[in-house]
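What follows is a single structure, written as structure tokens, with notes after it.
Whatever order the structure lists them in is the order used to number ligands and atoms, beginning at 1. Keep in mind that what you see is a predicted model, and the values were worked out from it rather than measured.
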Amino acid sequence: MFNSRLKKKISELDSELEIFKQRIDLLENENNRIHAILNSMVEGVIAVDKDTRVLWLNPTAENIFNISQKNAQGKIFLEVFPNNDIADVIALVLKGKEPVSKELALIWPVQKVFQVNASPIFESKVTSGCLLVIHDITEIRRLETMRRDFVANVSHELKTPLTSIKGFVETLLEGALEDKENSVNFLKIINTHADRLNTLINDLLDLSHIESKEIVLKKDKFDLAGLVNEVISGFKSQAKKKGIEINSALPQGLEIFADKSKIEQVFTNLVNNAIKYNKENGFVRIYSEQLADKIKIVVEDSGSGIPAKDIPRIFERFYRVDKARSRQLGGTGLGLSIVKHIIELHGGNVGVESTEGLGSKFWFILPIS
Ligand code: ADP
């Protein structure tokens, strides 16, 4: 009798133990799942207790702040993350028990912009800590600024010739039409500004086409020296006016596999600049250097050169060393950024070496096949 009661009890305990085991397994699985999610998050996650001691941080947070979980755990937040802005957000959450969301520009440990979302952690309805989710929005903000600058630049560039055109048309309408000699001059000026608008819009269309993700390069094998000679022929009369000599020393028969019309545009823009910013009776030389499976092309000129401080920004859209001079020479400030995009689309890279007053060497490297 006693034995059978004992057996029954043991069997009841066994099944209760089994249920406990299953629950522990369930909790463990749940815990592993949460850890897997936190570990794979692109956002940094940091948990602190009510005294702001660090409980846990995920690998992204370790990377952002360059600190390991081992070195941070158990320490006061400000000791390991010396950032008052984030500490203030934590204090606000622990005090107010409400989530706080803030955009913070950090200088340390890296110069970045973060969106910080902080929420209270509750245990039995009492705030026991704070959970920080840190989202890196540096790139988004950078792109926004770039877009804003681009729109402002385009508007400004379009406005200048338009204002002139409108001014001269009004003058003509107000009576200058009667003055034969001046009216022809005014019309010539209007024509120049209309040409400017046209060039600018063409460059903008080229740039937006090259930058669009849909662009497909029409690659073919072609003779580089032949293409360059064609480009040079197109600049003969422009060069002659300034007494500039253009020479190509590209080896005959050098074939590359690339989009011919795009590479033609690269040469056109570089040779155009080499003439525009050159001195009277100067020279333009085009030559190449064979690298392992690549080719380096140099367009050298004896022109004004580029001040060292401007060189890092010279390939940016609308960046010009001397705005007035570029405009006067019919420049849009987009030529070099078109060059850079085309070369990068081909898997190559561009650069410039220049000495102010002596001249410039614009170069690009392209894979041969
Ligand atoms: P732009 O239409 O003004 O020529 P680019 O993008 O082609 O625009 O060039 C940007 C700026 O770089 C020019 O305004 C000029 O200041 C400078 N630059 C370009 N090429 C040369 C060169 N060969 N020699 C000196 N300065 C140059």
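Clustering of Ile, Leu, Val, Met, Phe, Trp and Tyr by side-chain heavy atoms under 4.5 Å joins I137 with V113, I140. Under a 4.5 Å side-chain heavy-atom cut-off, the cluster of Ile, Leu, Val, Met, Phe, Trp and Tyr residues that includes V298 is completed by Y287, L291, W363, I365.
Using modelled atom types and a 3.5 Å distance limit, the side chains of Q265 and D206 yield a donor-acceptor pair. With hydrogens and angles left out, the side-chain atoms of N185 and S183 include no donor and acceptor closer than 3.5 Å. For N272 and Q238, the side-chain atoms include at least one donor-acceptor pair closer than 3.5 Å. S128 and D49 form no side-chain donor-acceptor contact under 3.5 Å, judged by distance and modelled atom types alone. Side chain to side chain, S101 and Q115 meet the donor-acceptor criterion of an N or O pair below 3.5 Å.
Ion pairing between a basic and an acidic side chain is recognised when a charged N comes within 4.0 Å of a carboxylate O; K260 and E264 show no such pairing.
The protein heavy-atom contact nearest to atom 22 (C) of ligand 1 is F362 CE1, 3.7 Å. With respect to atom 16 (O) of ligand 1, the closest heavy atom belonging to the protein is V321 N, 3.0 Å. Ranking protein heavy atoms by distance to atom 7 (O) of ligand 1, first place goes to N273 ND2, 2.8 Å. The nearest protein atom to atom 8 (O) of ligand 1, hydrogens excluded, is given as G333 CA, 3.1 Å; this is a heavy-atom distance. Of the protein's heavy atoms, D301 OD2, 2.8 Å lies nearest to atom 23 (N) of ligand 1. With hydrogens left out, the protein atom closest to atom 10 (C) of ligand 1 is Y319 O, 3.2 Å, a heavy atom. For atom 3 (O) of ligand 1, the closest non-hydrogen atom of the protein is S326 OG, 2.5 Å. In this structure, the protein non-hydrogen atom closest to atom 12 (O) of ligand 1 is I314 CD1, 3.2 Å.
Using a 4.0 Å cut-off to heavy atoms of G305, the atoms of ligand 1 that qualify are 25 (C). In the vicinity of G331, heavy-atom distances shorter than 4.0 Å reach the ligand 1 atoms 1 (P), 2 (O). Below 4.0 Å from some heavy atom of S360 lie the following atoms of ligand 1, by number and element: 24 (N). Interface atoms of ligand 1 facing L334, defined by a heavy-atom separation under 4.0 Å, are 6 (O), 8 (O).
Closest to atom 26 (N) of ligand 1 by heavy atom, among V284, D203, V271, I306, is I306. In this structure, of T199, L336, N269, the residue bringing a heavy atom nearest to atom 9 (O) of ligand 1 is L336.
Contacts between K276 and ligand 1, counted as non-hydrogen atom pairs separated by less than 4.0 Å, involve the side chain only. Of the heavy atoms in S304, only side-chain atoms (C-beta onward) come closer than 4.0 Å to ligand 1. Counting heavy atoms closer than 4.0 Å to ligand 1, residue N272 contributes nothing at all.
Of the polar atoms of T332, at least one N or O is found under 3.5 Å from an N or O of ligand 1, judged by distance alone.
Relative ring orientation between F65 and F81 is described as perpendicular, the plane-to-plane angle rising above 60° on a 0-90° scale split at 30° and 60°.
A cation-pi arrangement is found for R317 relative to F150, the charged atom lying closer than 6.0 Å to the ring centre and inside a 45° cone about the ring normal.
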Checklist entry - Would V350 and F315 count as a side chain to side chain contact (heavy atoms under 4.5 Å, CB included) if you check the C-alpha gap in whole Å, the side-chain angles of each, and the deciding distance to 0.1 Å? => result CA-CA 9 Å; V350 291; F315 288 93; 3.8 Å; yes

